[in-house]
Colleague: 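I have a structure here, written as structure tokens, and I will follow up with some questions on it.
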Amino acid sequence: QEPDAKIAKTEEEAEDKEEEEKSTKPPAGSSKSGWKNWKKAKESDSGGEESKITYCHWLLKSEPESRLEKGVDVKFSIEDLKAQPNQTTFWEGVRNYQARNFLRAMKLGQQAFFYHSNCKEPGIVGIVKIVKEAYPDHTQFDQKDPHYDSSSRKENPKWSMVDVQFVRMTKRFIPLSEIKTHHLAHKADGGPLKNMMLFSRQRLSIQPLTKEEFDFVLSLEEEKPH
């Protein structure tokens, strides 16, 4: 069965594959006990400031303009989501390990910004909520799908997806340029957007947001655009 909706993704696979390999392989020539120590060191390395951050909201990127990928149009705008039965769809096609891990961390009822990317003016157009937690992405096994992955096995699927439902449009379009202005100001004065992942991992199509980041960006819909 062909999926109703094609979700466009914008992450880079190659650089992420390298990251995944680095994180799952021991250093060359090390013994098994060395591997354990290396893993422990890696775990303690990541126990810094980032591990204290709690993410409870998300930003989902999708492409509102037509673009062919392996002969399939991957366009999917918020209007396309609104046109789906029950204004709900599966968020498939993520082929980046970090983005996949974020998908797997999503909880039922959590809200996310719907972000139009790879277009003339990228930015936030609406709000969706998670209505089904992570389960195997069927497109990884479909040879006709642009996101087919021949290395994934049904008994141990590599890739996941969630179901999202339209909640509402934002009161106005919130452009990336405006969010970036606040991000730069917050980097200088310690505001809520100072560490926003939208500016440190630009290519990532699934991004986590803290409550403070989500609330601040949402407050922008009440302001008149500059």
Side-chain angles (χ1 to χ4, degrees), residues 1-16 57-96 98-100 102-103 106 111-131 137-140 142 144-149 159-183 196-209 214 217-218 220-221 225-226:
Q1 189 188 347
E2 280 290 296
D4 295 333
K6 296 289 182 190
I7 310 295
K9 304 300 175 233
T10 53
E11 59 264 342
E12 283 292 304
E13 291 172 29
E15 64 184 47
D16 186 71
H57 295 285
W58 309 93
L59 182 143
L60 308 179
K61 292 184 179 182
S62 193
E63 299 184 30
E65 295 170 5
S66 286
R67 180 175 68 82
L68 293 182
E69 200 172 295
K70 296 179 184 170
V72 176
D73 192 351
V74 293
K75 167 190 177 289
F76 194 78
S77 69
I78 198 160
E79 295 301 331
D80 293 320
L81 173 60
K82 286 165 73 177
Q84 297 295 308
N86 297 323
Q87 299 187 317
T88 301
T89 193
F90 41 78
W91 203 267
E92 95 283 14
V94 171
R95 297 297 180 266
N96 170 288
Q98 190 176 12
R100 177 206 65 185
F102 288 144
L103 275 176
M106 290 176 175
Q111 291 195 336
F113 287 127
F114 193 112
Y115 180 98
H116 280 172
S117 73
N118 203 19
C119 53
K120 191 177 176 185
E121 190 168 27
I124 291 165
V125 289
I127 298 170
V128 299
K129 67 178 176 181
I130 310 307
V131 291
D137 176 349
H138 62 263
T139 65
Q140 65 195 302
D142 180 357
K144 293 176 187 169
D145 193 278
H147 303 112
Y148 171 65
D149 184 350
W159 307 110
S160 303
M161 61 186 184
V162 297
D163 288 359
V164 303
Q165 185 175 46
F166 175 78
V167 174
R168 68 175 178 87
M169 300 295 286
T170 43
K171 292 177 184 175
R172 68 177 180 92
F173 172 68
I174 305 170
L176 172 63
S177 55
E178 186 179 334
I179 302 168
K180 186 173 185 177
T181 301
H182 289 288
H183 163 68
M196 195 176 185
M197 203 173 285
L198 191 57
F199 304 101
S200 60
R201 289 298 303 271
Q202 291 95 325
R203 289 185 178 275
L204 213 56
S205 70
I206 307 282
Q207 302 190 356
L209 296 168
F214 184 86
V217 173
L218 194 58
L220 298 177
E221 72 174 351
H226 302 300

Colleague: Is there a donor-acceptor contact under 3.5 Å from the side chain of D73 to the main chain of L68?
Modeller: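 No: the side chain of D73 does not pair with the backbone of L68.
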Colleague: Does the R95 side chain pair with the main chain of W159, one donor and one acceptor, at a distance under 3.5 Å?
Modeller: no
Colleague: How many angstroms lie between NZ in K70 and CG in D145, if you round to the nearest 0.5 Å?
Modeller: 8.5 Å
Colleague: Answer whether the closest heavy-atom distance between the side chains of F113 and I174 falls below 4.5 Å.
Modeller: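 Heavy-atom side-chain distance check fails, nothing below 4.5 Å.
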Colleague: Determine whether L198 and K180 make a side-chain contact, defined as any pair of heavy atoms from C-beta on separated by less than 4.5 Å.
Modeller: no
Colleague: Under the side chain to side chain contact (heavy atoms under 4.5 Å, CB included) rule, what do V131 and V164 come out as? Steps first, then yes or no, please.
Modeller: CA-CA 5 Å; V131 291; V164 303; 5.8 Å; no
Colleague: Taking Q202 for the side chain and F199 for the main chain, is one N or O donor matched with an acceptor at less than 3.5 Å?
Modeller: yes
Colleague: Please confirm whether the backbone N or O of H116 pairs with a side-chain atom of S62, one donor and one acceptor, at under 3.5 Å?
Modeller: no
Colleague: Looking at G126 and I78, what are the two nearest heavy atoms and their distance?
Modeller: CA-CD1, 3.6 Å
Colleague: Report yes or no: does D137 contribute a side-chain atom to a donor-acceptor pair with the main-chain N or O of G93 at less than 3.5 Å?
Modeller: yes
Colleague: Where does the angle between the aromatic ring planes of W91 and F76 fall among parallel (under 30°), tilted (30 to 60°) and perpendicular (over 60°)?
Modeller: perpendicular
Colleague: Aromatic contact between F90 and H138, with the criterion being ring centroids under 6.0 Å apart: yes or no?
Modeller: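 Yes, ring centres under 6.0 Å apart.
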Colleague: Going from CG on N118 to CD on E63, what distance comes out if it is rounded to the nearest 0.5 angstrom?
Modeller: 4.0 Å
Colleague: Indicate the atoms forming the closest heavy-atom contact of V94 with R100, along with that distance.
Modeller: CG1-N, 3.8 Å
Colleague: Check whether the side chains of D163 and T88 place a donor and an acceptor atom closer than 3.5 Å, and report yes or no.
Modeller: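 Side chains of D163 and T88: no pair found under 3.5 Å.
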Colleague: How long is the straight-line distance from CD of E92 back to CG of L103, given to the nearest 0.5 Å?
Modeller: 11.0 Å
Colleague: If you take all heavy atoms of M169 and E79, which pair is closest and at what distance?
Modeller: CE-OE2, 4.1 Å
Colleague: When you compare the side chain of R203 with that of N96, does any pair of heavy atoms fall below 4.5 Å?
Modeller: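 Not in contact.
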Colleague: Using modelled atom types only, decide if a donor and an acceptor are shared between the side chain of Q165 and the backbone of N86 within a distance under 3.5 Å.
Modeller: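 Yes, because the side chain of Q165 sits within donor-acceptor range (under 3.5 Å) of the backbone of N86.
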Colleague: Kindly compute the distance separating CD (Q98) from CE (M197), expressed to the nearest 0.5 Å.
Modeller: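 Q98 atom CD to M197 atom CE measures 5.5 Å (nearest 0.5 Å).
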Colleague: Counting C-beta onward and ignoring hydrogens, is there a side-chain heavy-atom pair between D149 and H147 closer than 4.5 Å?
Modeller: no
Colleague: So which heavy atom on M106 is nearest to which on V162, and how close?
Modeller: SD-CG2, 3.8 Å
Colleague: Side chains of P208 and H57: closer than 4.5 Å at any heavy-atom pair?
Modeller: no
Colleague: Quick one: pull up NE2 in H182 and CD1 in I179 and give me the separation to the nearest 0.5 Å.
Modeller: 8.5 Å
Colleague: Do D80 and S77 get their side chains close enough for a donor-acceptor pair, meaning under 3.5 Å?
Modeller: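 A donor-acceptor contact under 3.5 Å links the two side chains.
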Colleague: Measure the spacing between OH of Y148 and CG of D142 and express it to the nearest 0.5 Å.
Modeller: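 These two atoms lie 9.0 Å from each other.
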Colleague: Side-chain contact, heavy-atom cut-off 4.5 Å: I124 with L59?
Modeller: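 Touching, per the 4.5 Å side-chain cut-off.
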Colleague: Mind listing the closest non-hydrogen atom pair of S117 and P64 along with its distance?
Modeller: O-CD, 3.3 Å
Colleague: Spell out, as yes or no, whether a donor-acceptor pair under 3.5 Å connects the side chain of Q207 to the backbone of R201.
Modeller: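 The answer is yes, because a donor-acceptor pair under 3.5 Å joins these two groups.
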Colleague: Measuring only between side-chain heavy atoms, which start at C-beta, is E121 closer than 4.5 Å to L176?
Modeller: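 E121 does not reach L176 side chain to side chain.
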Colleague: Are the side chain of E221 and the backbone N or O of K171 linked by a donor-acceptor pair below 3.5 Å?
Modeller: yes
Colleague: Are side-chain heavy atoms of V125 and F173 found at a separation under 4.5 Å?
Modeller: yes
Colleague: Quick one: closest heavy-atom pair of E69 and P146, and the distance?
Modeller: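 The answer is O-CB, 3.4 Å.
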